[in-house]
Amino acid sequence: MNKPEADNFIEEFIVEDLNNGKHAGRIHTRFPPEPNGYLHIGHAKAIVINFEIGKKFGGKTNLRMDDTNPSTEETHFVTAIENDIKWLGYEWEGETRYSSDYFDELYALALKLIDKGLAFVDDSTVEEIAEQKGDIDEPGSNSPYRDRPIAENRDLFERMKAGEFPDGSRVLRAKIDMAHPNLLLRDPVLYRIKHEAHHRTGDDWCIYPLYDFAHGQSDSIEEITHSLCSLEFRHHRDLYNWLIEALEIFPSRQIEFARMNVDYLVTSKRRLKKLVEEGVVSGWDDPRMGTLAGMRRKGYPAEALRNFCMRTGVTKRDNQQEFNFLEHCVREVLNEKADRYMAVLDPVKLVITNYPETTEILTSENNPEEEARGTREIPFSRELWVEREDYRKEPQNRKYFRMAPEKDVRLKAAYILHIDGHEEDNDGNVTQINATYYPESRSGNDTSGIKAKGTLHWVDAATAIDIEVRNYDKLFTDPTPMDHEDKDFMDFINPESLEVIAAKGEPALANAKAGDTFQFLRKGYYTVDEDATSEKMVFNLTCGLKSSWKG
RNA sequence: AGACCGCUAGCUCAAUUGGCUAGAGCGUCGGAUUUUGAUUCCGAAGGUUUCAGGUUCAAUCCCUGAGCGGUCUGCCA
């Protein structure tokens, strides 16, 4: 089997390991979320990197809940996380794993470290330990308990586990070097006492390992070959490697990459939570949120998100992705997948004065990009709804191809119209547009010889259904609302990020199901919201269409 | 201040690991096509590779220094 080519620096490391015959050519990655929140676009990047690398090199990818802190983790997040990953299109190896499954093994490893004289039980307080830590440019000092005999450490640690001591009274610390330039190697805390029930192990434990004594060890237990994480864990790698050597366990290799940031999307758990709690959004799955649940509800296809994550590179530099590239990826998929329907978002009545009092059934293709999507029937009659913004009261020049007095325009899948004029109320608002049609101009067999530059969407007034349309805009007025030293990100909330309107849709739209995405011709992609009922269809704006018209 | 990491078009990444006029996608601006002012197609603009030295026949790449940005002093992950 010939090895795939490396597309980024992580893959270069992998190819290098493969070439060196490391792990007999086996590749195994993992995605290790902490089940204390919902997945967002940043997680999607990590998921895609891990799973795609597994796939590309014929390897496997585990899903492991990093649940070592009983205070913050909840089981319902586990289910939500699993759903999001499946929705994104990935399948992990075997069952979902949990760091908490390894508590026994982790405890045994701690004992081993103690027996090797590389860990000690410290009676210092939180403050004292912080004090001992020293500073970034100043060496720390040894804990007075650092030289406790091994037997005493063992005894104390066993009694910590047995529940003999209160929270915070003692910790287990690695014995490394209090003068190390990497603060994480200044005798880091490995275990703490917490008399708290864990979402999975219940009251079995009252001591819990910290990240540094759980994550790497779990990687080793699962024989993960490449442990990919974000840049802020760079300093932890030294400890990660120190523990591999001290514990003599499977040597997983940690590689760090830069997190992905996207304009207008916040990904911090704290901020996301604040948006929900302050009622700025309707919930964690609000379409304006950068959560996977939110983007799914907004109608972003999983494929588009995957493409987005794959096309934005993998490097070690801080990066800020443009929102329009995300939307580009969304449109690209939807252009091919979404059927075209017509809906009028800001309806004004149009009357074809020379059209008979009958209803005619017209046919239109569902998707010009994909003939296999077939056609559908659309009723047409004398009175229609058209878009208010498509009409201008005064005659226009040739560069304008929508409706205006004396203009000829094509109605999509129907006839060419000659616009005669309009009626208006006392305030000058157009109440009705009057037009005549060219009977020989019917779509498909046009023999009229009339040319119309513009083609407009419309719905038949008699058969149109009332729909609710939720037009979403960016949640913030600034692409990086959290990056202002003098202002809080909440100061940049866009007051107009949601507009709910009553619109008119063609009758076939009544059969749509939640999650279905359509292109409303000339307007944008819209996805049926879960709030939709048989009485009232509700559509979320997924993404607008590009427009080069500078009208 | 110390350690570590990073810096190539507006944005995100390439550059066969030192070798032709430094490429691509997105964006922008033109043009063609179009029963969606969408899509598609064609074209253009856009770079002193952060800066200054050095090594070399040759530097985006190696070395030194500087600048700018990031990370690290939780019993969070």
Side-chain angles (χ1 to χ4, degrees), chain A residues 5 7-8 12 32-34 36-37 66-69 71-73 99 122 124-126 129-140 167-173 180-184 186 188-194 207-208 210-212 214-215 229-238 256 258 260 263 269 311-329 331-332 335-336 340 342 364-365 368-369 399-402 409-414 416 441 443-444 446 452-457 519-525 544-551:
Chain A
E5 213 170 295
D7 281 327
N8 55 247
E12 278 170 19
E34 183 188 10
N36 71 345
D66 222 338
D67 58 350
T68 57
N69 186 350
S71 320
T72 55
E73 292 140 9
S99 293
D122 196 340
S124 305
T125 63
V126 184
I129 289 180
E131 189 67 27
Q132 293 158 17
K133 201 104 188 176
D135 207 336
I136 176 169
D137 55 352
E138 174 191 329
D167 288 8
S169 59
R170 285 183 167 85
V171 291
L172 181 73
R173 286 227 257 170
H180 198 104
N182 180 347
L183 299 251
L184 275 159
R186 316 246 266 225
V189 175
L190 267 22
Y191 262 92
R192 78 284 224 191
I193 302 172
K194 264 179 188 270
I207 57 170
Y208 293 94
L210 272 96
Y211 169 82
D212 287 303
H215 189 91
C229 60
S230 47
L231 244 34
E232 63 265 36
F233 290 98
R234 165 61 191 94
H235 304 288
H236 292 257
R237 189 172 80 216
D238 297 338
E256 313 86 20
M260 177 181 72
D263 285 351
K269 213 165 281 177
R311 291 171 188 173
T312 51
V314 181
T315 63
K316 296 176 78 163
R317 43 178 128 163
D318 298 337
N319 60 92
Q320 188 72 34
Q321 305 295 340
E322 291 182 340
F323 192 76
N324 65 27
F325 185 55
L326 209 208
E327 290 206 322
H328 167 81
C329 292
R331 288 193 194 98
E332 177 188 44
N335 178 48
E336 195 187 320
R340 270 112 244 234
M342 292 194 282
S364 185
E365 80 283 352
E369 306 288 324
K399 304 279 275 180
Y400 178 88
F401 14 102
R402 295 148 63 148
V409 294
R410 157 78 67 186
L411 291 181
K412 173 68 184 176
I416 295 176
S441 67
S443 183
D446 183 349
K453 192 84 173 115
T455 300
L456 307 181
H457 62 283
Q519 184 195 109
F520 286 171
L521 230 57
R522 303 208 306 135
K523 297 312 272 183
Y525 294 100
L545 254 30
K546 281 209 304 183
S547 174
S548 57
W549 188 50
K550 302 155 202 78

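Just the heavy atoms: all of them, side chains too, but no hydrogens, waters or symmetry mates, feed the values below. Lettering of chains follows the sequences in order, A, B, ..., and the numbering in each one begins at 1. The shown structure was predicted, so the numbers you read here are calculated from the model rather than taken from an experiment.
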Polar pair under 3.5 Å, donor/acceptor by atom type, side chain [X], base [N]:
X         : N      : result
His235(A) : U71(B) : yes
Arg410(A) : U35(B) : yes
Asp135(A) : U73(B) : yes
His236(A) : A77(B) : yes
Arg402(A) : G37(B) : yes

| request: Please tell me which of Glu232(A) and Lys194(A) maps to the more 5' nucleotide of RNA chain B, matching each residue to the nucleotide holding its nearest heavy atom. | output: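 That would be Glu232(A).
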
| Along RNA chain B (nearest heavy atom to each residue), the more 5'-positioned of Leu183(A) and Arg331(A) |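 The residue whose closest nucleotide sits nearer the 5' end is Arg331(A).
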
| message | Check the orientation of Tyr211(A) and His236(A). Use parallel for under 30°, tilted for 30 to 60°, and perpendicular for over 60°. | response |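 Correct class here is perpendicular.
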
| task | Enter syn or anti for the glycosidic conformation of G74(B), syn applying to angles within 90° of 0. | result |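 Classified syn.
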
| task | Could you check if the base of U71(B) is syn or anti? Syn means the glycosidic torsion is within 90 degrees of 0. | result |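 Base orientation: anti.
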
| message | Looking at G37(B) and Phe401(A): do their rings stack (centroid distance under 5.5 Å, interplanar angle under 30°)? | response |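 It does: the ring sits over the base of G37(B).
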
| request: Determine, answering yes or no, if Tyr211(A) is stacked on A77(B) under the 5.5 Å centre rule and the 30° plane rule. | output: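 One would not call Tyr211(A) stacked on the A77(B) base.
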
Which part of the nucleic acid, if any, lies within contact of [X], taking any heavy atom under 4.0 Å across all strands shown: a base, the sugar-phosphate backbone alone, or nothing?
X         : result
Arg234(A) : sugar-phosphate
Ile129(A) : base
Lys523(A) : nothing
Gln320(A) : sugar-phosphate
Ile136(A) : base
Arg186(A) : nothing
Thr125(A) : base
Tyr191(A) : nothing
Lys269(A) : nothing
Ser443(A) : base

| query | Atom CG of Leu521(A) and atom C1' of U36(B): how far apart are they, to the nearest Å? | reply |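 Checked: the CG to C1' distance equals 4 Å.
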
| Under a 3.5 Å cut-off for both distances, is C62(B) Watson-Crick or wobble paired, and to whom? |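 Here C62(B) is engaged in a pair, and the nucleotide opposite it is G54(B).
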
